[in-house]
Protein chains: 2
Amino acid sequence: MPERLANIGRKVFFASERSLGQAIPPSDDSVGYVVRDVHRAFSRSLQAKIAAHGVSMGQWFFLRALWDEDGLTQRELSQRVGMMEPTTVTALNSMERRGLVERVRNPHDRRKVNIYLTPKGRSLREVLLPCAAEVSDLATRGIEPADLALAIDLLHRMIINLGDSSDSL
Amino acid sequence: MPERLANIGRKVFFASERSLGQAIPPSDDSVGYVVRDVHRAFSRSLQAKIAAHGVSMGQWFFLRALWDEDGLTQRELSQRVGMMEPTTVTALNSMERRGLVERVRNPHDRRKVNIYLTPKGRSLREVLLPCAAEVSDLATRGIEPADLALAIDLLHRMIINLGDSSDSL
DNA sequence: GGTAAATAATTAGATATCAAACCAATTGAC
DNA sequence: GTCAATTGGTTTGATATCTAATTATTTACC
């Protein structure tokens, strides 16, 4: 088990403070690294829970979008989920294989394929949403809501700063 | 545990506030989703810069650890970088192929393999570290250092919260 | 109406990542 | 000294994700 602990008052590095002769700033102190670790912690945690119901992370994102609205085309789905289209194709392939969704060729525009949840796919909502809620609650346990809100806001700003526009969808 | 929060822009969802009949909380408001998006934004941004020097993200993490100290065994490297050993093996394979590192079987314990940077691998430091600094600076532009420090601390706490996952199932 | 451009989905090929199974060398218990 | 347990590394097979190229269909312009 990693025993790196939160020590308050950690130093934050900026490029202007560094020079190449100096030591590399420890990973723990770099935003990028911490974000990566949190992402992996979330991912592992949710994955462990939903795998029990035969659903993988790749499928999770698409299921979530489809619970909100199904009958979307693959392109629309990709945009909502924030993935590239080939990713969507492979995710939907596995979901179709497991009987969670159905592909229906659009009769008015035969290029399009509309995706519909099967009853099985739809019913997973009741089991899977609570899993996500558990993970979220576990992660934020003991954290002041106001602090959390500030952090989320700040993370949004980083996304914008880094020039990723998938934030505003 | 406080349930509501001061409205700094966005609402933060807790499991206790949700019920299945309600709409799925928008991705933008969920910590997990935002963290995922920030992670991908960082990753894409750094990747774009270092790819110009023929280095991939998978190699980056290991290079960074090796710049700090080389001659480590693969297991030690894995631990420092926070990756599983098979990941380390494949990363080192590609790095060896590109002449960035050298594997040297340890003569005192022939199970171990010590990893050493080649001059080429070592010299990349001067080009690549500034790339990371640029990304970090770009991401945190316009953000108060104190706020950033708070957010980083909070993210560390989430990692810890998600780490000891024994009691919620 | 016929072709060029655009759009939707897919395939192909690459990187990144992990868990589980596996080999090979070393250490420890007797 | 021998054999079982441990340790270090690798292989295998799976998921996740992207870019670039490909196929199929539709729209738009002369």
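Here is the naming used below: chain letters follow the sequence lines, and residue numbers restart at 1 for every chain.
Between B/R122 and B/D70, at least one side-chain N (NZ, or NE/NH1/NH2) sits under 4.0 Å from a carboxylate O, which counts as a salt bridge.
Residue-to-nucleotide contacts include no donor-acceptor pair under 3.5 Å from the side chain of A/R110 to the base of D/dT25.
Looking at heavy-atom distances under 4.0 Å, A/Q74 makes contact with sugar-phosphate atoms alone, never a base. Using a 4.0 Å heavy-atom distance criterion, B/V113 is classed as a sugar-phosphate-only contact.
Side-chain polar atoms of A/Y33 and B/R64 form a donor-acceptor pair below 3.5 angstrom. With 3.5 Å as the limit, one finds a donor-acceptor pair spanning the side chains of B/Q59 and B/S94.
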Should B/N93 and B/R103 be marked as a side chain to side chain donor-acceptor pair (under 3.5 Å) after you check the CA-CA gap, both sets of side-chain angles, and the distance that decides it? CA-CA 9 Å; B/N93 284 346; B/R103 278 185 166 102; 3.0 Å; yes
**Request:** Take A/L100 and A/L124, measure what side-chain contact (heavy atoms from CB on, under 4.5 Å) needs, and give me the verdict at the end.
**Result:** CA-CA 9 Å; A/L100 305 181; A/L124 277 172; 3.7 Å; yes
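Between B/T87 and C/dA16, a side-chain N or O to OP1/OP2 separation shorter than 4.0 Å is absent. Considering only side-chain N and O atoms, B/R44 lies nowhere under 4.0 angstrom from the phosphate OP1 or OP2 of D/dT17. Distances shorter than 4.0 Å separate none of the side-chain N or O atoms of A/R111 from OP1 or OP2 on C/dT7. Using a 4.0 Å cut-off, some side-chain N or O of A/R98 falls inside it from OP1 or OP2 of D/dT15. Taking side-chain N and O atoms only, B/T90 has no distance below 4.0 Å to OP1 or OP2 of C/dT15. OP1 and OP2 of D/dT15 both lie 4.0 Å or more from every side-chain N or O belonging to A/Q59. Here A/S56 does not reach the OP1 or OP2 of D/dA14: none of its side-chain N or O atoms lies under 4.0 Å away.
What separates CE of A/M84 from P of C/dA14 is a distance of 20 Å, to the nearest Å. One can place CE of B/M83 at 6 Å from P of C/dC18, the figure rounded to the nearest angstrom. Between the NZ atom of A/K112 and the C1' atom of C/dT10 there is a distance of 17 Å, rounded to whole Å. Taking atom CE of residue B/M57 and atom P of nucleotide D/dT19, one finds them 14 Å apart after rounding to whole Å. Distance A/E85 CD to D/dA21 P: 16 Å, rounded to the nearest Å.
When each of B/H108 and A/R40 is assigned the nucleotide of DNA chain C with its nearest heavy atom, A/R40 is the one assigned upstream, toward the 5' end. With the nearest nucleotide of DNA chain D identified for both A/F62 and A/R105, A/F62 has the one nearer the 5' end.
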